[in-house]
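See below for the structure under consideration.
Numbered from 1 within each chain, the chains take letters A, B, ... in sequence-line order.
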Amino acid sequence: MKFGLVDCNNFYVSCERLFNPSLNGKAVVVLSNNDGCVVARSNEAKSLGIQMGTPAFQIQELINRHEVIVFSSNYTLYADLSNRVMTLLAGFVEEQEVYSIDEAFLSFAGFNNYNLYDYGTKIVRAVTKGTGIPVSLGIADTKTLAKVASKFAKKYPAYNGVCIIDTEEKREKALRLFPVEDVWGIGRKHTARLKSIGVKTAYDFTQLPLSWIKRHMSVTGERTYKELLGESCIDIETNPPSKKQICTSRSFGEMISDRDILAEAVSSFADSCARKLRAQKTYAVCLMVFIHTNYFRKDLPQYSRNMIIRLPVPTSDTREIIHHALIALDTIFCPGFQYKKAGVIILEITNKEGIQMNLFEQPVSDKSSKLMQAIDRINGKHGKKIRLAVQGSPDHSQWHLKQEMLSPQYTTNIKDILRIKCD
DNA sequence: TCTGGGGTCCTAGGACCC
DNA sequence: TCTGGGGTCCTAGGACCC
């Protein structure tokens, strides 16, 4: 049985181009939150030598000289287009794993009598035509090899977007051409160690003795090793298990000293965590709030603290979670520092069955869950209109992200949809 | 001036138990 | 001189992913 990996090409840039065709053929990059680092590049931007993850200010000169077009991240737009891609893909296979916003694994179990190259070509054409987002497809005996194949499909136009590794010869040839640092599961640390012993390609890696892998890279490294050799060790996860941890945190557009503004941010993060809990029908058992100053500013006094609170009763009620998050904040807040980042993390999560009745507190009340359902319904339909007063106004808050080059919410905001039509 | 956010899994070592 | 041993659970930290 074979696995497929579908990867959207330069996904965020492709999303921006979809609604602004004048960007085609030009160097375009998309920045992370707060316009910090480069997280997506068009091919033209890659050719200029712009690396993934580079801080934007470090390449300002390059951007100016080559008139690179820069966007802030527009996650609402990207998530919407991602859903369209995933929905189309689901029509082609029985089993699909949405692996990230721009990648999905497909299972080709039961496709023994198919010409997978033809079928793969059909998938790639349908998605590209149906959504406007170009994609590449890699097919092989394991997930790790499918990832390798997809990189070849993307890199060499002759493949027409589909690359299949289905013989020993092709597997070995592909691995000899594949840099070890690009292998799925081998990160920076292991790359450094591997390079130090002369391992450059994925093929070199597969020639190491298994004992070396076990000693230095644990069972995850062993899985990667076997998968590259063609033995499938990582299965498709069709319905991903619910999250074991939920986190919302942000760096601020500008540093914050004021407790009340920090409280607005922390309340909003807590609200976001509560929403995510309800979306997977779970309850928070225990949460953490953290705040810290700007680590990069060696010239300023530094402060960093967190606090963990066990909730009296597991809950997904926004009001409860905000209440306890603010208690934590007031315990750790120390005046006189300039804070750069804060966050709320739900560390322990339970489902309805897991809620232990507490002798002295009421368990999740019907009233609370009905209210939350109503709020989620309204916010789902009309954008996040309902919030607690302590979260402050969404329009003029000091803690919001810096997004100086944001594109319009083309697909989700009616005003922007009308604007496209008028243009 | 300016350096992302949200996750997962694995391991080593300490605490604790009988 | 001698100062158990084995099992389990928890946590912090490290590695990885997109």
With no hydrogens and no angle check, do the side chains of [X] and [Y] hold a donor and an acceptor under 3.5 Å apart?
X	Y	value
A/Q338	A/Y303	no
A/N10	A/S42	no
A/T220	A/S218	yes

Phosphate OP1/OP2 of B/dG4: any A/K341 side-chain N/O under 4.0 Å: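 For A/K341, the contact criterion (side-chain N or O under 4.0 Å from OP1 or OP2 of B/dG4) is not met.
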Rounded off to whole Å, could you give me the [atom1]-to-[atom2] distance for the [X] and [N] pair?
X	N	atom1	atom2	result
A/Q60	B/dT1	CD	P	14 Å
A/F11	C/dC17	CZ	C1'	17 Å
A/I63	B/dT3	CD1	C1'	14 Å
A/L347	B/dG6	CG	C1'	14 Å

Sugar-phosphate, base or nothing in reach of A/L31, heavy atoms under 4.0 Å: nothing
Sugar-phosphate, base or nothing in reach of A/Q58, heavy atoms under 4.0 Å: nothing
B/dT3 pyrimidine/purine six-ring stacking with A/F296, under 5.5 Å and 30°: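 Yes; by the centre-distance and plane-angle rule, A/F296 counts as stacking on B/dT3.
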A/F105 and A/W184 aromatic ring geometry - parallel, tilted or perpendicular at 30°/60° bounds: tilted
Parallel, tilted or perpendicular: rings of A/Y12 and A/Y75 (30°, 60°):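 The arrangement is perpendicular - the two ring planes meet at more than 60°.
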Base paired to C/dG7 (Watson-Crick or G-U; both N/O distances under 3.5 angstrom): B/dC16
Please tabulate, one pair per line, each protein N/O and nucleotide N/O from nucleotides 7-15 of chain C that are separated by under 3.5 Å, including the distance.
none

Stepwise salt bridge (charged side-chain N to carboxylate O under 4.0 Å, His left out) test for A/D330 and A/R259: CA-CA 8 Å; A/D330 283 327; A/R259 181 263 166 203; 2.8 Å; yes
